[in-house]
Amino acid sequence: MPELPEVETVRKELSAVLTGQRIESAAVYCNRLRNPIPDSFAADVAGLTVHEVQRRGKYLIILTDKEKALLIHLGMTGKLLLKSKDSQLEKHDHIVFDFADKKLVYNDIRRFGVVALYDKDSLYRIKALREMGQEPLSDDFTGDSLRASLKGRKAPIKICLLDQTVIAGLGNIYVCEALFKAGISPLRQGDSLTEKESELLCYYIKEILSESVKAGGTTFRDYRHSDGSKGEFVSHLSVYGRAGQVCSWCNLKDSCGGIVKINQGGRGTFYCPVLQK
DNA sequence: AAGTTCACCTGATGGC
DNA sequence: TGCCATCAGGTGAACT
(Lines give C-alpha, C1' and ligand atoms only; values in the text may rest on other atoms or scores of the structure.)
Protein backbone atom coordinates (compact mmCIF):
# COMPACT_ATOMS: atom_id res chain seq x y z
CA MET A 1 0.00 0.00 0.00
CA PRO A 2 1.99 2.93 1.17
CA GLU A 3 4.85 4.12 -0.99
CA LEU A 4 6.97 7.23 -0.58
CA PRO A 5 4.23 9.86 -1.07
CA GLU A 6 1.88 8.14 1.38
CA VAL A 7 4.59 7.74 4.02
CA GLU A 8 5.75 11.32 3.49
CA THR A 9 2.18 12.55 3.94
CA VAL A 10 1.86 10.70 7.23
CA ARG A 11 5.29 11.97 8.28
CA LYS A 12 4.26 15.58 7.83
CA GLU A 13 1.04 15.05 9.75
CA LEU A 14 2.71 13.29 12.65
CA SER A 15 5.51 15.82 12.74
CA ALA A 16 3.02 18.70 13.02
CA VAL A 17 1.05 17.07 15.83
CA LEU A 18 3.56 15.03 17.81
CA THR A 19 6.80 17.03 17.82
CA GLY A 20 7.58 17.93 21.43
CA GLN A 21 4.86 15.61 22.76
CA ARG A 22 5.55 12.90 25.30
CA ILE A 23 4.34 9.31 25.10
CA GLU A 24 2.52 9.02 28.44
CA SER A 25 1.94 5.29 28.01
CA ALA A 26 1.47 2.67 25.32
CA ALA A 27 -0.39 -0.60 24.86
CA VAL A 28 0.24 -3.54 22.55
CA TYR A 29 -2.90 -5.50 21.63
CA CYS A 30 -1.30 -7.79 19.07
CA ASN A 31 2.45 -8.32 18.95
CA ARG A 32 2.53 -10.46 15.81
CA LEU A 33 3.63 -8.02 13.13
CA ARG A 34 6.37 -8.84 10.59
CA ASN A 35 8.71 -9.03 13.55
CA PRO A 36 7.21 -9.84 16.94
CA ILE A 37 6.91 -6.83 19.28
CA PRO A 38 8.91 -7.61 22.45
CA ASP A 39 7.00 -7.81 25.73
CA SER A 40 8.93 -4.84 27.10
CA PHE A 41 7.88 -2.54 24.22
CA ALA A 42 5.10 -0.60 25.97
CA ALA A 43 7.27 0.04 29.02
CA ASP A 44 10.27 0.95 26.85
CA VAL A 45 8.45 3.68 24.89
CA ALA A 46 6.58 5.14 27.85
CA GLY A 47 8.04 8.53 28.82
CA LEU A 48 9.82 9.20 25.53
CA THR A 49 9.38 12.66 24.01
CA VAL A 50 9.20 13.07 20.22
CA HIS A 51 11.94 15.28 18.85
CA GLU A 52 11.51 14.82 15.13
CA VAL A 53 9.66 12.64 12.61
CA GLN A 54 11.81 11.62 9.64
CA ARG A 55 11.33 9.41 6.61
CA ARG A 56 13.79 7.16 4.80
CA GLY A 57 12.33 5.33 1.79
CA LYS A 58 9.07 3.84 3.06
CA TYR A 59 10.21 3.88 6.71
CA LEU A 60 9.16 6.43 9.29
CA ILE A 61 11.75 7.23 11.93
CA ILE A 62 10.46 8.92 15.06
CA LEU A 63 13.46 10.34 16.90
CA THR A 64 12.97 10.85 20.63
CA ASP A 65 14.97 11.86 23.66
CA LYS A 66 17.09 9.30 25.56
CA GLU A 67 18.86 8.47 22.26
CA LYS A 68 15.95 6.29 21.12
CA ALA A 69 14.20 6.00 17.76
CA LEU A 70 10.94 4.35 16.77
CA LEU A 71 11.11 2.68 13.37
CA ILE A 72 7.79 2.15 11.59
CA HIS A 73 6.98 0.56 8.23
CA LEU A 74 3.37 0.35 7.12
CA GLY A 75 3.76 -2.79 5.00
CA MET A 76 0.72 -3.24 2.75
CA THR A 77 -2.15 -2.20 5.00
CA GLY A 78 -0.59 -0.33 7.93
CA LYS A 79 -2.14 2.95 9.07
CA LEU A 80 -1.09 5.48 11.67
CA LEU A 81 -4.17 7.27 12.95
CA LEU A 82 -4.31 10.24 15.28
CA LYS A 83 -7.43 9.96 17.40
CA SER A 84 -9.05 11.63 20.36
CA LYS A 85 -8.43 10.24 23.83
CA ASP A 86 -11.97 8.86 24.13
CA SER A 87 -11.99 6.97 20.82
CA GLN A 88 -12.78 3.26 20.94
CA LEU A 89 -10.40 0.48 20.01
CA GLU A 90 -11.19 -0.85 16.53
CA LYS A 91 -10.51 -4.08 14.69
CA HIS A 92 -6.81 -4.49 13.78
CA ASP A 93 -5.70 -1.73 16.16
CA HIS A 94 -2.47 -3.39 17.32
CA ILE A 95 -0.56 -0.65 19.14
CA VAL A 96 -1.80 2.52 20.85
CA PHE A 97 0.52 5.34 21.93
CA ASP A 98 -1.11 7.69 24.47
CA PHE A 99 -0.07 11.34 24.36
CA ALA A 100 -1.37 14.14 26.60
CA ASP A 101 -4.39 14.99 24.46
CA LYS A 102 -4.21 12.54 21.55
CA LYS A 103 -3.56 8.94 20.80
CA LEU A 104 -1.61 7.50 17.94
CA VAL A 105 -2.99 4.16 16.76
CA TYR A 106 -1.12 1.62 14.64
CA ASN A 107 -3.73 -0.37 12.69
CA ASP A 108 -2.70 -3.06 10.20
CA ILE A 109 -5.08 -5.58 8.64
CA ARG A 110 -2.47 -7.90 7.15
CA ARG A 111 0.21 -7.29 9.78
CA PHE A 112 3.07 -6.98 7.27
CA GLY A 113 4.26 -3.79 8.93
CA VAL A 114 7.16 -3.12 11.29
CA VAL A 115 7.16 -1.26 14.60
CA ALA A 116 10.37 -1.37 16.62
CA LEU A 117 12.34 0.69 19.12
CA TYR A 118 16.09 1.15 18.62
CA ASP A 119 18.97 3.03 20.11
CA LYS A 120 19.66 5.88 17.72
CA ASP A 121 23.16 4.71 16.92
CA SER A 122 22.10 1.17 16.09
CA LEU A 123 19.26 2.23 13.80
CA TYR A 124 21.33 2.55 10.63
CA ARG A 125 22.98 -0.80 11.22
CA ILE A 126 19.70 -2.44 10.23
CA LYS A 127 20.12 -4.11 6.87
CA ALA A 128 17.16 -2.40 5.22
CA LEU A 129 18.39 1.09 6.16
CA ARG A 130 22.07 0.34 5.67
CA GLU A 131 21.52 -0.93 2.12
CA MET A 132 18.76 1.51 1.16
CA GLY A 133 19.19 3.22 -2.21
CA GLN A 134 19.03 6.93 -2.98
CA GLU A 135 16.14 9.17 -2.01
CA PRO A 136 14.48 9.97 -5.34
CA LEU A 137 13.47 13.50 -4.28
CA SER A 138 16.98 14.47 -3.21
CA ASP A 139 19.20 16.57 -5.47
CA ASP A 140 21.86 13.90 -5.75
CA PHE A 141 19.39 11.54 -7.41
CA THR A 142 20.03 12.18 -11.12
CA GLY A 143 19.79 10.39 -14.43
CA ASP A 144 23.46 9.50 -14.06
CA SER A 145 23.15 8.15 -10.53
CA LEU A 146 20.09 6.13 -11.54
CA ARG A 147 21.98 4.66 -14.48
CA ALA A 148 24.91 3.84 -12.21
CA SER A 149 22.72 1.96 -9.74
CA LEU A 150 21.18 -0.02 -12.61
CA LYS A 151 24.57 -1.05 -13.96
CA GLY A 152 24.82 -4.81 -14.49
CA ARG A 153 21.15 -5.36 -13.67
CA LYS A 154 19.68 -7.94 -16.01
CA ALA A 155 16.25 -8.08 -14.39
CA PRO A 156 13.38 -6.13 -15.97
CA ILE A 157 13.48 -2.40 -15.18
CA LYS A 158 10.12 -2.75 -13.40
CA ILE A 159 11.65 -5.23 -10.96
CA CYS A 160 14.81 -3.13 -10.51
CA LEU A 161 12.85 -0.01 -9.60
CA LEU A 162 10.92 -1.92 -6.93
CA ASP A 163 14.25 -2.97 -5.35
CA GLN A 164 14.73 -0.62 -2.39
CA THR A 165 18.52 -0.93 -2.66
CA VAL A 166 18.39 0.55 -6.18
CA ILE A 167 16.10 3.44 -5.29
CA ALA A 168 14.22 4.13 -2.06
CA GLY A 169 10.49 4.50 -1.69
CA LEU A 170 9.05 3.40 -5.03
CA GLY A 171 6.34 0.74 -5.06
CA ASN A 172 4.11 -0.89 -7.62
CA ILE A 173 1.91 2.11 -8.39
CA TYR A 174 4.59 4.76 -8.92
CA VAL A 175 6.94 2.45 -10.81
CA CYS A 176 4.18 1.75 -13.32
CA GLU A 177 3.31 5.44 -13.54
CA ALA A 178 6.90 6.68 -13.94
CA LEU A 179 7.71 4.11 -16.65
CA PHE A 180 4.56 5.15 -18.50
CA LYS A 181 5.44 8.84 -18.38
CA ALA A 182 8.99 8.12 -19.52
CA GLY A 183 7.71 5.90 -22.36
CA ILE A 184 9.87 2.97 -21.24
CA SER A 185 8.63 -0.63 -21.38
CA PRO A 186 8.61 -2.38 -17.98
CA LEU A 187 10.10 -5.42 -19.72
CA ARG A 188 13.36 -3.68 -20.66
CA GLN A 189 16.48 -4.98 -18.96
CA GLY A 190 17.53 -2.68 -16.11
CA ASP A 191 20.96 -1.90 -17.52
CA SER A 192 19.68 -1.32 -21.07
CA LEU A 193 18.53 2.24 -20.47
CA THR A 194 20.39 4.90 -22.43
CA GLU A 195 21.71 8.07 -20.84
CA LYS A 196 18.76 9.98 -22.24
CA GLU A 197 16.22 7.42 -21.03
CA SER A 198 17.68 7.44 -17.51
CA GLU A 199 17.47 11.22 -17.50
CA LEU A 200 13.84 11.08 -18.57
CA LEU A 201 12.95 8.37 -16.07
CA CYS A 202 14.65 10.28 -13.26
CA TYR A 203 12.69 13.40 -14.19
CA TYR A 204 9.34 11.62 -14.18
CA ILE A 205 10.05 9.72 -10.97
CA LYS A 206 10.62 13.05 -9.24
CA GLU A 207 7.58 14.59 -10.90
CA ILE A 208 5.13 11.79 -10.09
CA LEU A 209 6.30 11.50 -6.49
CA SER A 210 6.24 15.22 -5.76
CA GLU A 211 2.85 15.69 -7.41
CA SER A 212 1.47 12.82 -5.35
CA VAL A 213 2.91 14.26 -2.14
CA LYS A 214 1.08 17.52 -2.98
CA ALA A 215 -2.16 15.55 -3.35
CA GLY A 216 -1.66 13.69 -0.07
CA GLY A 217 -0.80 10.37 -1.72
CA THR A 218 -2.89 7.71 -3.46
CA THR A 219 -5.69 5.80 -1.76
CA PHE A 220 -6.24 2.78 -3.95
CA ARG A 221 -7.76 0.69 -1.20
CA ASP A 222 -6.50 0.88 2.37
CA TYR A 223 -4.19 3.86 2.70
CA ARG A 224 -5.45 6.70 4.90
CA HIS A 225 -4.12 10.02 6.17
CA SER A 226 -3.59 10.11 9.92
CA ASP A 227 -7.06 11.68 10.27
CA GLY A 228 -8.63 8.78 8.35
CA SER A 229 -9.22 10.69 5.09
CA LYS A 230 -8.14 9.44 1.66
CA GLY A 231 -5.26 10.49 -0.57
CA GLU A 232 -6.45 12.29 -3.69
CA PHE A 233 -3.80 11.28 -6.22
CA VAL A 234 -5.70 8.20 -7.43
CA SER A 235 -7.55 10.28 -10.04
CA HIS A 236 -4.17 11.36 -11.50
CA LEU A 237 -3.01 7.79 -12.19
CA SER A 238 -2.44 7.11 -15.89
CA VAL A 239 -2.05 3.33 -16.05
CA TYR A 240 -2.22 1.69 -12.63
CA GLY A 241 -5.53 -0.13 -12.26
CA ARG A 242 -6.60 0.93 -15.76
CA ALA A 243 -6.28 -2.29 -17.75
CA GLY A 244 -8.42 -2.24 -20.87
CA GLN A 245 -8.65 1.52 -21.08
CA VAL A 246 -7.15 3.54 -23.93
CA CYS A 247 -4.09 5.35 -22.63
CA SER A 248 -4.07 9.14 -22.65
CA TRP A 249 -1.10 9.32 -25.01
CA CYS A 250 -2.65 6.93 -27.57
CA ASN A 251 -5.86 8.86 -27.30
CA LEU A 252 -4.06 12.12 -28.09
CA LYS A 253 -2.17 10.55 -30.97
CA ASP A 254 -5.30 8.75 -32.16
CA SER A 255 -3.48 5.43 -32.24
CA CYS A 256 -5.06 2.15 -31.21
CA GLY A 257 -3.30 1.39 -27.95
CA GLY A 258 -4.85 0.06 -24.81
CA ILE A 259 -3.46 -0.42 -21.31
CA VAL A 260 -2.58 -4.03 -20.55
CA LYS A 261 -1.85 -5.83 -17.31
CA ILE A 262 0.92 -8.38 -17.16
CA ASN A 263 2.58 -10.25 -14.31
CA GLN A 264 6.18 -9.54 -13.28
CA GLY A 265 7.68 -11.15 -10.21
CA GLY A 266 4.25 -12.19 -9.05
CA ARG A 267 2.83 -8.67 -9.17
CA GLY A 268 0.71 -6.76 -11.62
CA THR A 269 2.33 -4.40 -14.11
CA PHE A 270 0.17 -1.95 -16.04
CA TYR A 271 1.51 -0.36 -19.20
CA CYS A 272 0.79 0.76 -22.75
CA PRO A 273 2.69 -1.41 -25.28
CA VAL A 274 2.22 1.23 -27.99
CA LEU A 275 3.79 4.12 -26.07
CA GLN A 276 6.27 2.22 -23.92
CA LYS A 277 9.19 0.80 -25.87
C1' DA B 1 26.03 -12.01 -6.82
C1' DA B 2 21.82 -11.59 -8.81
C1' DG B 3 17.42 -13.51 -10.37
C1' DT B 4 13.17 -16.06 -9.13
C1' DT B 5 9.66 -17.95 -6.30
C1' DC B 6 7.25 -18.18 -2.28
C1' DA B 7 5.50 -17.23 2.34
C1' DC B 8 3.72 -14.04 5.57
C1' DC B 9 -1.88 -12.33 6.66
C1' DT B 10 -6.70 -10.67 6.09
C1' DG B 11 -10.39 -9.19 3.28
C1' DA B 12 -12.78 -8.16 -1.11
C1' DT B 13 -14.46 -9.89 -5.30
C1' DG B 14 -16.20 -12.92 -8.75
C1' DG B 15 -17.49 -17.52 -10.62
C1' DC B 16 -20.13 -21.60 -9.84
C1' DT C 1 -26.34 -18.47 0.65
C1' DG C 2 -21.91 -20.84 0.58
C1' DC C 3 -17.50 -22.34 -1.15
C1' DC C 4 -13.38 -21.72 -3.67
C1' DA C 5 -9.87 -19.34 -6.25
C1' DT C 6 -7.60 -15.14 -7.08
C1' DC C 7 -5.85 -10.81 -6.08
C1' DA C 8 -4.08 -6.68 -3.24
C1' DG C 9 0.11 -0.47 -2.58
C1' DG C 10 5.74 -4.88 0.61
C1' DT C 11 9.55 -7.45 1.95
C1' DG C 12 12.77 -11.02 3.08
C1' DA C 13 14.08 -15.98 3.17
C1' DA C 14 15.34 -19.76 0.46
C1' DC C 15 16.08 -21.57 -3.63
C1' DT C 16 18.89 -21.66 -8.50
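Within every chain, numbering begins at 1; the chains are lettered A, B, ... in the order of the sequence lines, protein sequences first and strands thereafter.
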Taking the P atom in each of B/dC9 and C/dC3, what is the distance between them to the nearest angstrom?
23 Å
Base, sugar-phosphate or nothing for A/Y240? Non-hydrogen atoms, less than 4.0 Å.
sugar-phosphate
Going by ring pair (Phe, Tyr, Trp, His ring centres under 6.0 Å), name the residues that satisfy it together with A/H51, two or more places apart in sequence or in a different chain.
none
Under the rule for salt bridge (Lys or Arg N to Asp or Glu O under 4.0 Å), what residues qualify as partners of A/E197, not counting sequence neighbours?
A/R188
Going by the side chain to side chain donor-acceptor pair (under 3.5 Å) test, which pairs reach into residues 176-185 of chain A, not counting sequence neighbours?
none
Whether A/K58 contacts C/dT11 is assessed here as follows: a side-chain N or O lying under 4.0 Å from the phosphate OP1 or OP2. Is that the case?
yes
Contact under 4.0 Å: A/R110 side-chain N or O vs C/dA8 OP1/OP2:
no
Does A/Q164 or A/G266 map to a spot on DNA chain C nearer the 5' end, using the closest nucleotide for each?
A/G266
A/F112 ring over C/dG10 six-membered base ring, under 5.5 Å and 30°
yes
Taking only residues two or more places apart in sequence, or in another chain, which ones meet A/D119 in a salt bridge (Lys or Arg N to Asp or Glu O under 4.0 Å)?
A/K68
Spacing of A/K158 atom NZ relative to C/dG10 atom C1', expressed in whole Å
12 Å
Under the rule for side chain to side chain donor-acceptor pair (under 3.5 Å), what residues qualify as partners of A/R55, not counting sequence neighbours?
A/E8, A/E135
Atom-to-atom span, CG of A/L60 to C1' of C/dG10 - whole angstrom
15 Å
Residues at least two apart in sequence or cross-chain that pass ring pair (Phe, Tyr, Trp, His ring centres under 6.0 Å) with A/F220, listed by chain then number, are A/Y240
Would you please name every residue forming a side chain to side chain donor-acceptor pair (under 3.5 Å) with A/R267, sequence neighbours left out?
none
CD of A/Q264 versus C1' of C/dG10: gap in Å, rounded?
16 Å
Nearest whole angstrom, please: distance from the C1' of C/dT11 to the CG of A/L33.
14 Å
Rounded to whole Å, please give me the gap between OH in A/Y174 and P in C/dG10.
10 Å
Pairs of donor and acceptor atoms involving the side chains of residues 149-164 of chain A, under 3.5 Å and at least two apart or interchain, shall be tabulated with distances.
residue : atom : partner : partner atom : Å
A/S149  : OG   : A/S145  : O            : 3.3
A/S149  : OG   : A/L146  : O            : 2.9
A/R153  : NH1  : A/D163  : OD2          : 3.2
A/K154  : NZ   : A/D191  : OD2          : 2.8
A/K158  : NZ   : A/N172  : OD1          : 2.8
A/K158  : NZ   : A/G268  : O            : 3.3
A/K158  : NZ   : A/T269  : OG1          : 2.7
A/D163  : OD1  : A/T165  : N            : 2.9
A/D163  : OD1  : A/T165  : OG1          : 2.8
A/Q164  : OE1  : A/G169  : N            : 2.8
A/Q164  : NE2  : A/L162  : O            : 3.1
A/Q164  : NE2  : A/L170  : O            : 2.9

A/N172 atom CG is separated from C/dC7 atom P, nearest whole Å, by 14 Å
To the nearest 0.5 Å, what is the distance between CZ (A/R111) and SG (A/C30)?
4.5 Å
Decide whether A/T77 and A/D108 meet the rule of one side-chain donor and one side-chain acceptor closer than 3.5 Å.
yes
Co-membership, hydrophobic cluster, residues A/Y223 and A/V53, 4.5 Å side-chain:
yes
If you assign A/I109 and A/P156 each to the DNA chain B nucleotide with the nearest heavy atom, which residue ends up on the more 5' nucleotide?
A/P156
May I ask you to say what A/G171 touches in the nucleic acid, namely base, sugar-phosphate or nothing, with a heavy-atom cut-off under 4.0 Å?
sugar-phosphate
Sequence neighbours excluded, the answer for ring pair (Phe, Tyr, Trp, His ring centres under 6.0 Å) partners of A/H73 is A/Y59
Nucleotides 12-16 of chain C: which of its N/O atoms have a protein N/O under 3.5 Å away?
residue : atom : partner : partner atom : Å
C/dG12  : OP1  : A/R34   : NH2          : 3.2

Given that both pair distances must be under 3.5 Å and the pair must be Watson-Crick or G-U, what runs of three or more consecutive pairs involve DNA chain B?
B:2-8 with C:10-16, B:10-16 with C:2-8
Start and end of the DNA chain B segment that chain A contacts, any atom under 4.0 Å from a heavy atom
B/dG3 to B/dG11
